[in-house]
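Working notes, beginning with the structure itself.
Labels below follow one simple rule: chain letters A, B, ... track the order of the sequence lines, proteins then strands, and each chain is numbered from 1.
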There are 4 protein chains.
Amino acid sequence: MRRIPRQQRSREMVARIIDAVGEVLAERGLDNMTTNHVADAAGVSIGSLYQYFSDKDELVEALLESLSKRVTRDFHQQSVKLNMNTLPLRQLVELAIRYGMQSIRTNPLMYELARNWQRLPFDRLLEPLSQFFQVMAQPYFLKNYQNYPVENLQAKLYVLVHSTLFTSVHYLVQDVPTISEDELIATLTEMIVGMLEPPATGAG
Amino acid sequence: MRRIPRQQRSREMVARIIDAVGEVLAERGLDNMTTNHVADAAGVSIGSLYQYFSDKDELVEALLESLSKRVTRDFHQQSVKLNMNTLPLRQLVELAIRYGMQSIRTNPLMYELARNWQRLPFDRLLEPLSQFFQVMAQPYFLKNYQNYPVENLQAKLYVLVHSTLFTSVHYLVQDVPTISEDELIATLTEMIVGMLEPPATGAG
Amino acid sequence: MRRIPRQQRSREMVARIIDAVGEVLAERGLDNMTTNHVADAAGVSIGSLYQYFSDKDELVEALLESLSKRVTRDFHQQSVKLNMNTLPLRQLVELAIRYGMQSIRTNPLMYELARNWQRLPFDRLLEPLSQFFQVMAQPYFLKNYQNYPVENLQAKLYVLVHSTLFTSVHYLVQDVPTISEDELIATLTEMIVGMLEPPATGAG
Amino acid sequence: MRRIPRQQRSREMVARIIDAVGEVLAERGLDNMTTNHVADAAGVSIGSLYQYFSDKDELVEALLESLSKRVTRDFHQQSVKLNMNTLPLRQLVELAIRYGMQSIRTNPLMYELARNWQRLPFDRLLEPLSQFFQVMAQPYFLKNYQNYPVENLQAKLYVLVHSTLFTSVHYLVQDVPTISEDELIATLTEMIVGMLEPPATGAG
DNA sequence: CATGAATGAGTATTCATTCAT
DNA sequence: AATGAATGAATACTCATTCAT
């Protein structure tokens, strides 16, 4: 079990180790990441590493947890910066997908995580992201479709977030794509918008 | 390179080994599967195993190839047995999802494969399945929506097949689901049907 | 123990296998030569191979034995062709060394054998060669230095043949030579001639 | 890469491992030497062994390096002890050869190394030995033959050192010698002395 | 005699984890 | 608390040789 660091110095050490996990993961890949590599990269003895993390797995979990916060924050900042909540849903969605795919493509760490998401405690990252979208979507719907059945919303978000993430990550990671990236984004956008717009757009 | 089995006995041995791969995989998991375990389970010397499979990877590939055929066939049989092509799209989709999820849940081997599909040459299985759905969908659309834009169809199927598979597999594998299985299936079904129905039923 | 082939067909098979040993050795090197490779190259089943050769080692032995004859014959032919026995000793020796080194350098099989001579039953090749030189030298000395102590000759030839062979083979095979090839040949020649010329050339 | 031992304990461990290499080599032979054997013989875990030696080859290299120093030192001591530099060349040479052959014959490790020197990084041992002879020879020549052509000396030493080593080692290792050891030594000595004495003592 | 499918002992190397200092 | 030296189980793959057919 991981010991919870109370001291300032300890917290710094934990942070250093988690950063090191990211570095090693990005540089050597999940398969070639060893606890000793991490300790080296963190400038910490392997013994100390095991003082704070009882397990190799815990290292990765901690990284994902840490990333989760950062990613959510980044997404939030980006959404504010681009005034996303003023955009029509379709544009908002497309922008978000593009931003996400670009992030993974350009960030070696994110890419390596994407390449191995299934072996990782990915929900650490997935859940808050899902939460974030939910939070972000909530006011949107309240504003635009007051009488939209919120009940349904959770399931829809679950399905859409997972579908979009898994499909686009798989697309980025797979060798030979069978459709173009624009087609993918357009179709995903259409799918999401189709699901989130009011069931029968009224006047009918 | 894998030696191609010409003799009857050889073909039996290959089959026995592939079966053994499945057994070991189901029992010990992908990470703890050993070539020697497989040889033991097949009642075959490790040397013989390597006479027919040049690689550990080739063992898994062969299993997936073999499963791919079986799964496609089972799906086909199931679709015939249930008279699927006479059903309305919504029921057809729901039935297919239920059947697929049930298969994975009840079959330890399928479950283990699902848990690790990202590390496996999974397209071996995904592609024929996708193909199968496409073939199955084609006449459906021809019958019901003659002037449906086929152009779009490929991208839509790509997105839908991947989304449905990834999301439902993830659902089965994850620890604490946040929505019920019925909700999941209903939402996935709605998503698929929504995408595949003619764009604007309106003026029709 | 190797079975001695009496039949014509058997003798052909043995010959084919020995040739195959040479091929495989030249192509794959001693370390990567396997009995199955040899059997394949000979177009013979591995079982048949073991009918005539009880051992992997025996294969190599047989090759060396066979080569021994060929090399001795080649040397003889060469010596006749170049009218060697009419030449002064110094030129004869130099020519022989050059010819030998050239043979090894240009013949991949000879080179591979040279690279591994110590692990091989090299005497199979060394002895007849030594014999050959002795036979070749005998008349030379009888003609030129009637009262030369033949007693000594055997030891001298032993030392000279071994020294020349080992040193030049090592030279050919080593990575970074510290003297030039011409220096090597000149020095070896001088060494040999110095040893074989009458102890005190008389007038003193 | 081999970790450089800084601690006292580490240096001891490295020494113990190198000794173990020698033991295993002497007992089981080069072909049957195993990293695990060495670790066992050293009373060290296989993991520790690999902490200091990155490779099986490095083990042998380290042994040779270590032996190289010892052999050179022993030779030097021996030469001092026997007042070799006061001896006439002929006796000096004969003594050296006898001492060398005796060392190999009586030391199982040296014998095994001699039997396999071609596969070993033997220049580690050959070079310093050659150097040693050169250094030892230099003053000798300066004293006795001031105007001796040093130009030639390098090639001569190359040829003589290699010839003597290879031939005598081969003699020790071969099964059925065709000349007596005394004959061998006498002839080698004659060869060396003949080469190293001034070209034509005649008119001097 | 011929075949070639089958055998299985044997080996270098890695890496998560511990624990004496 | 920190260190890092030490551990040793675990694993894919080769190849000489056999023997049932």
- Query: Where do A:L109 and A:L63 land on the side-chain contact (heavy atoms from CB on, under 4.5 Å) test, with the steps shown first?
  - Reply: CA-CA 11 Å; A:L109 173 56; A:L63 172 68; 4.2 Å; yes
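- Atom-to-atom, CD of B:Q51 to P of F:dT14 comes out at 12 Å; the value is rounded to the nearest Å.
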- Spell out protein contact along nucleotides 11-17 of chain E as letters: B when the base is contacted, S when just the sugar-phosphate is, - when no protein heavy atom is under 4.0 Å; keep the 5' to 3' order. SBBBSBB
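- Mapping D:L49 and A:G43 onto DNA chain F via the closest heavy atom, the residue that lands nearer the 5' end is A:G43.
- A:R16 has its CZ atom 15 Å from the P atom of F:dA1, to the nearest Å.
- Every residue was checked against the side-chain hydrogen bond (donor to acceptor under 3.5 Å, both in side chains) condition with D:N32, not counting sequence neighbours, and none meets it.
- Every residue was checked against the side-chain hydrogen bond (donor to acceptor under 3.5 Å, both in side chains) condition with A:D175, not counting sequence neighbours, and none meets it.
- Ring orientation note: the planes of D:W117 and C:W117 are nearly perpendicular, at an angle over 60° on the 30°/60° scale.
- Straight-line distance from the CG atom of B:L30 to the P atom of F:dT11: 13 Å, rounded to whole Å.
- Considering only heavy atoms from C-beta on, B:L113 comes within 4.5 Å of B:L64 through its side chain.
- What separates CG of D:D40 from C1' of F:dT7 is a distance of 13 Å, to the nearest Å.
- Listed by chain and number, the residues in a side-chain hydrogen bond (donor to acceptor under 3.5 Å, both in side chains) with A:R28 are A:H37 (sequence neighbours excluded).
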- Under a 3.5 Å cutoff on both atom distances, Watson-Crick or G-U, what's the dot-bracket for DNA chain F ([ ] crossing, | other strand)? .||||||||||||||||||||
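- Salt bridge annotation for C:D31-C:R119: present, with a cationic side-chain nitrogen under 4.0 angstrom from a carboxylate oxygen.
- With sequence neighbours excluded, no residue satisfies side-chain hydrogen bond (donor to acceptor under 3.5 Å, both in side chains) with A:T35.
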